[in-house]
Amino acid sequence: MTRYSALSVFRHALSGNRTWGRAWRDPDPKPYYDVVIVGGGGHGLATAYYLAKEHGITNVAIVEKGWLGGGNTGRNTTIVRSNYMMPGNTMFYERSMQLWENLSQDLNYNVMISQRGQYNLCHSPGQMDAARRRGNIMRANGIDAELFDRAEVQRRLPYLDYSEKARFPIHGAIYQSRAGTARHDAVAWGFARGADRHGVDILQRREVTGYLFDGGKIVGVQTNRGDIRAGKVALCVAGHSGHLTQMAGLRLPIETHCLQAFVTEPYKPLVDTVISFGAAHFYVSQSDKGGLVLGGDLDMYNSYAQRGGLPVVEHTLASAKALMPCVSRLKLLRHWAGVMDMSMDGSPFITRTPVEGLYLNGGWNYGGFKATPASGWCFAWTIAKDEPHEDNAEFTLDRFERGYQIDEKGVGPQTNAH
Amino acid sequence: MIRINCPVCGLRNETEFTYGADATVSRPAMDENEMKPWLDYVFNRTNPRGWHKEYWHHVQGCRQWLVLERNTLTHEIGACELAREVTE
């Protein structure tokens with residue numbers, strides 16, 4: 001396989017870019033794999049990549065019902081950050097941030113990581129106190145965090161509404177300078193190419209319809225194009241975790257909800273960072289093409305539909321205008337939705353399950369994209385060693401039974417409140 | 001926009017309602033001492049891809065709690081009843 005470099009770009013340019021090879025193969029499945037990963041999004045592809053690279057397990061297949069990165073990997077708002085404060089979350093997301101920082105070099109694929117910084121705005125003294133606490137916890141764990149007062153935020157982000165009429169006055173912000181954005185499609189493609197290079201088979205347009213059981217143990221998957229036997233079956237299907245575990249007889253502390261995102265028409269450079277509104281669920285960044293990328297709140301009712309309702313469109317755009325009055329005349333160019341595992345405490349699962357042979361990676365709530373590299377890294381560890389790494393040790397299913405929920409927002413067991 | 005056929009108010013827009021919760025889970029008897037039924041009640045959900053029975057509150061209408069059947073894959077709306085008249 002060609003190693004991508006400035007020289008290879010130059011050499012292929014001389015031949016009119018007609019000689020580039022495929023980035024990954026399209027193989028026929030073998031009858032047996034040591035590990036079958038269900039779901040060819042970022043998490044599944046990253047899991048395969050790290051299984052091969054870190055643990056030498058290369059007899060691995062990824063089974064994907066559609067195309068690579070066609071689910072939530074291609075539907076998120078591309079934000080990466082590690083500003084978590086609950087034990088169990090903090091160091092996991094920081095591992096992810098550190099993997100992001102070197103991901104392009106590691107994969108030999110440009111994932112366009114841009115550490116442009118992220119502001120979480122505060123709109124009350126209470127929110128400032130909470131932000132200070134969060135920042136202190138982050139800094140105690142070696143993660144960068146800065147607290148800015150209103151004047152400093154106004155100096156850095158002059159285009160927000162600081163007027164007397166502002167619906168939610170800005171009191172300050174907590175800032176993580178290493179946070180930013182990455183190109184989501186490139187993340188899927190980079191991991192796919194990396195996994196394929198290690199011999200992993202990527203099987204697209206193949207939907208898992210059930211499992212093969214031997215006694216109580218899962219020994220493979222049934223797909224719409226034939227059965228595949230496997231030593232271990234690993235689910236990376238966030239959004240559909242409930243559906244795929246139900247086939248194995250498991251009920252999860254998860255409900256599936258839909259979340260919408262929006263891109264405006266291209267605009268001159270305006271937002272050179274990532275901004276999260278603290279008064280409503282709203283965040284904004286600007287893509288390299290110039291479109292403002294907007295994200296909002298859940299539709300609040302369970303949904304697998306991958307399309308949202310208009311009330312949330314209005315709510316998100318009202319939030320945008322409340323925060324940045326200057327965007328009021330921008331037109332929306334695109335609008336879409338993804339379906340997500342909303343877990344009962346707002347935190348994910350990377351764990352073995354009560355069903356032998358079945359491993360679960362899911363429950364990513366709003367935040368799956370930023371977790372992609374560490375999720376794959378920790379899931380690969382869990383699959384290879386049959387025990388969690390310390391960074392995902394708390395992401396178990398039995399934490400609810402033991403009373404160890406990781407509820408970052410402190411809202412209790414209601415999935416749409418996180 | 002989902003439109004819900006409230007038994008009291010008739011066909012109304014989704015924005016008048018608040019989603020409550022999964023209506024298929026029910027609280028165990030108060031003298032239930034086993035962990036599992038409580039765990040299932042508080043945390044675990046069937047989360048179906050298809051028809052789902054759920055509580056909605058007509059908070060900006062008649063303020064009644066409703067049990068609505070709704071398809072989570074198509075957003076199609078089915079039967080809607082007053083929660084207090086649902087016996088199960």
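In what follows, every heavy atom counts, from backbone to side chain, and hydrogens, waters and symmetry copies are set aside. Chain letters run A, B, ... following the sequence lines, proteins first and then strands; every chain starts at 1.
- A/R251 has its side chain within reach of B/D40: a pair of non-hydrogen atoms, C-beta onward, lies under 4.5 Å apart.
- Using a 4.5 Å cut-off between heavy atoms, A/Q306 makes no contact with chain B at all.
- If you measure heavy-atom distances from A/D345 to chain B, you find no contacts under 4.5 Å at all.
- For a residue to count as touching a neighbouring chain, one of its non-hydrogen atoms must lie under 4.5 Å from one of that chain's; by this rule B/T46 touches chain A with backbone and side chain alike.
- The CD atom of B/E14 sits 8.5 Å away from the CG atom of A/L310 when rounded to the nearest 0.5 Å.
- Taking a 6.0 Å sphere around CZ of A/R334, one finds it holds 12 or fewer heavy atoms contributed by other residues, nucleotides or ligands.
- There is no contact between B/W38 and chain A, counting heavy-atom distances below 4.5 Å.
- For A/W67, the CH2 atom sits in a loose shell: 12 or fewer heavy atoms of surrounding residues, nucleotides or ligands are nearer than 6.0 Å.
- Environment of NZ in B/K36: sparse, with no more than 12 heavy atoms of neighbouring residues, nucleotides or ligands closer than 6.0 Å.
- Proximity to chain B is limited to the side chain of A/Q246, based on heavy atoms less than 4.5 angstrom apart.
- Between A/P311 and B/M1, the shortest heavy-atom distance links the atoms CG-SD, 3.7 Å.
- Ring centroid separation for the pair A/Y301 and B/H75 comes in under the 6.0 Å cut-off.
- A side-chain donor from one of A/N302 and B/Y19 sits under 3.5 Å from a side-chain acceptor of the other.
- Residue A/L252 touches chain B through its backbone alone, counting heavy-atom pairs closer than 4.5 Å.
- In this structure, a donor-acceptor pair under 3.5 Å is present between the side chains of A/Y304 and B/N47.
- The local environment of CZ in A/R225 is crowded, with over 12 non-hydrogen atoms from other residues, nucleotides or ligands closer than 6.0 Å.
- For B/L39, the part sitting under 4.5 Å from any heavy atom of chain A is the side chain, from C-beta outward, and nothing else.
- With hydrogens and angles disregarded, no donor-acceptor distance shorter than 3.5 Å links the side chain of B/R49 to the backbone of A/H240.
- In terms of heavy-atom pairs under 4.5 Å with chain B, the best-connected choice from A/G412, A/G309, A/P253 is A/P253.
- Between the CG atom in B/N71 and the OG atom in A/S303 there is a gap of 9.5 Å [rounded to 0.5 Å].
- Looking at A/M344 and B/R45, their side chains come closer than 4.5 Å, going by heavy atoms from C-beta outward.
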*Stepwise side-chain contact (heavy atoms from CB on, under 4.5 Å) check, A/Q405 with B/F43*: CA-CA 11 Å; A/Q405 292 99 291; B/F43 296 114; 3.3 Å; yes
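- Heavy-atom contacts from other residues, nucleotides or ligands closer than 6.0 Å to CG of B/N33 number 12 or fewer.
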